[in-house]
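Down below is the structure, laid out as structure tokens.
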Amino acid sequence: QVHLVESGGGLVPAGGSLRLSCVASGSIFRLNAMGWYRQAPGKQRELVATITSGGSTNYADSVKGRFTISRDNAKNTVYLQMNSLKPEDTAVFYCNAQVVDRSQGYRSREVWGQGTLVTVSS
């Protein structure tokens with residue numbers, strides 16, 4: 001199986017910065033697109049940013065210019081640098097990956113992490 005473990009969440013004042021990390025491990029044959037999603041209290045989970053294995057990125061309009069997604073393919077890790085944080089960024093942030101899993105007959109499947117809480121105080 002493949003597991004994703006996020007880290008880096010916490011409490012930060014408005015205007016501050018945080019860097020989230022997500023490490024993939026397990027029966028990985030290939031990691032394709034990876035991304036970050038978030039879910040605020042009482043709201044649906046939404047896309048924050050994605051990055052392909054080749055480094056192409058996509059961002060939600062609400063975070064463009066403030067957040068940067070990157071990845072280190074050698075470490076099976078994706079990062080989310082968050083600057084100029086706002087109280088409305090408060091949410092549980094989830095890592096997501098499209099992975100070709102050796103233990104699943106080399107089929108591509110979607111994997112989610114357990115989430116890390118980001119709280120931005122006003």
Side-chain angles (χ1 to χ4, degrees):
Q1 291 191 349
V2 177
H3 302 279
L4 303 179
V5 177
E6 302 102 332
S7 61
L11 175 64
V12 62
S17 299
L18 280 176
R19 188 192 195 206
L20 305 183
S21 300
C22 171
V23 181
S25 64
S27 52
I28 300 167
F29 176 72
R30 184 172 64 244
L31 277 175
N32 293 322
M34 301 184 76
W36 290 94
Y37 291 72
R38 66 185 179 186
Q39 187 166 17
K43 295 187 176 181
Q44 291 187 331
R45 191 174 298 188
E46 64 177 5
L47 169 73
V48 176
T50 61
I51 184 167
T52 68
S53 57
S56 297
T57 59
N58 178 57
Y59 294 94
D61 288 343
S62 60
V63 306
K64 283 181 181 176
R66 299 189 298 124
F67 291 9
T68 302
I69 189 171
S70 61
R71 65 190 285 172
D72 184 333
N73 291 330
K75 295 181 179 180
N76 290 338
T77 301
V78 63
Y79 305 97
L80 186 68
Q81 178 66 45
M82 305 185 293
N83 299 327
S84 303
L85 282 161
K86 305 174 181 180
E88 51 264 42
D89 293 318
T90 295
V92 177
F93 281 70
Y94 296 91
C95 180
N96 172 277
Q98 299 293 328
V99 58
V100 177
D101 188 340
R102 294 196 310 268
S103 73
Q104 300 294 318
Y106 293 87
R107 288 178 292 182
S108 180
R109 66 187 192 95
E110 185 176 53
V111 181
W112 290 91
Q114 81 288 350
T116 185
L117 177 62
V118 172
T119 303
V120 184
S121 61
S122 57

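- If you chain together hydrophobic residues whose side chains sit under 4.5 Å apart, Val78 and Ile28 fall into the same group.
- Between Phe67 and Phe93, the two ring planes are tilted [angle within 30° to 60°].
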Take Lys64 and Asp61 through the salt bridge (charged side-chain N to carboxylate O under 4.0 Å, His left out) test and state the conclusion after the steps.
-> CA-CA 5 Å; Lys64 283 181 181 176; Asp61 288 343; 3.1 Å; yes
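- Between the OG1 atom in Thr116 and the CG atom in Leu80 there is a gap of 11.0 Å [rounded to 0.5 Å].
- Within 6.0 Å of the CD atom in Glu110, the count of heavy atoms belonging to other residues, nucleotides or ligands exceeds 12.
- Side-chain contact check for Cys95 versus Trp112: every heavy-atom pair is 4.5 Å or farther apart.
- A donor-acceptor contact shorter than 3.5 Å links the side chain of Glu6 to the backbone of Gln114.
- Transitive grouping of hydrophobic side chains (ILVMFWY, heavy atoms separated by less than 4.5 Å) brings Met82 and Tyr59 into a common cluster.
- Using a 4.5 Å cut-off between side-chain heavy atoms of Ile, Leu, Val, Met, Phe, Trp and Tyr, with links allowed through other members, Val120 and Trp36 fall into the same hydrophobic cluster.
- The side-chain heavy atoms of Val118 and Arg38, taken from C-beta on, include no pair separated by under 4.5 Å.
- Of the possible polar contacts, one joining the Arg66 side chain to the Ser84 backbone as a donor-acceptor pair under 3.5 Å is found.
- Using a distance-only test at 3.5 Å, with no hydrogens or angles considered, a donor-acceptor pair links the side chain of Gln39 to the main chain of Lys43.
- Counting only N and O atoms by type, the side chains of Asn32 and Ser53 include no donor and acceptor under 3.5 Å apart.
- Other residues, nucleotides and ligands contribute only 12 or fewer heavy atoms inside 6.0 Å of the CD atom of Gln1.
- Under a hydrophobic-cluster definition in which Ile, Leu, Val, Met, Phe, Trp and Tyr are linked whenever side-chain heavy atoms come within less than 4.5 Å, directly or via other members, Leu20 and Val12 are assigned to the same cluster.
- For the residue pair Thr77/Asp72, the side-chain donor-acceptor check at 3.5 Å is not satisfied.
- Counting heavy atoms from C-beta outward, Leu11 and Ser121 have side chains that approach closer than 4.5 Å.
- Interatomic distance, Asp101 CG to Arg109 CZ, rounded to the nearest 0.5 Å: 4.5 Å.
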side-chain contact (heavy atoms from CB on, under 4.5 Å) between Asn96 and Arg45, worked out | CA-CA 12 Å; Asn96 172 277; Arg45 191 174 298 188; over 6 Å; no
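- Hydrophobic clustering, with ILVMFWY side chains joined whenever heavy atoms are under 4.5 angstrom apart, groups Val92 together with Leu47.
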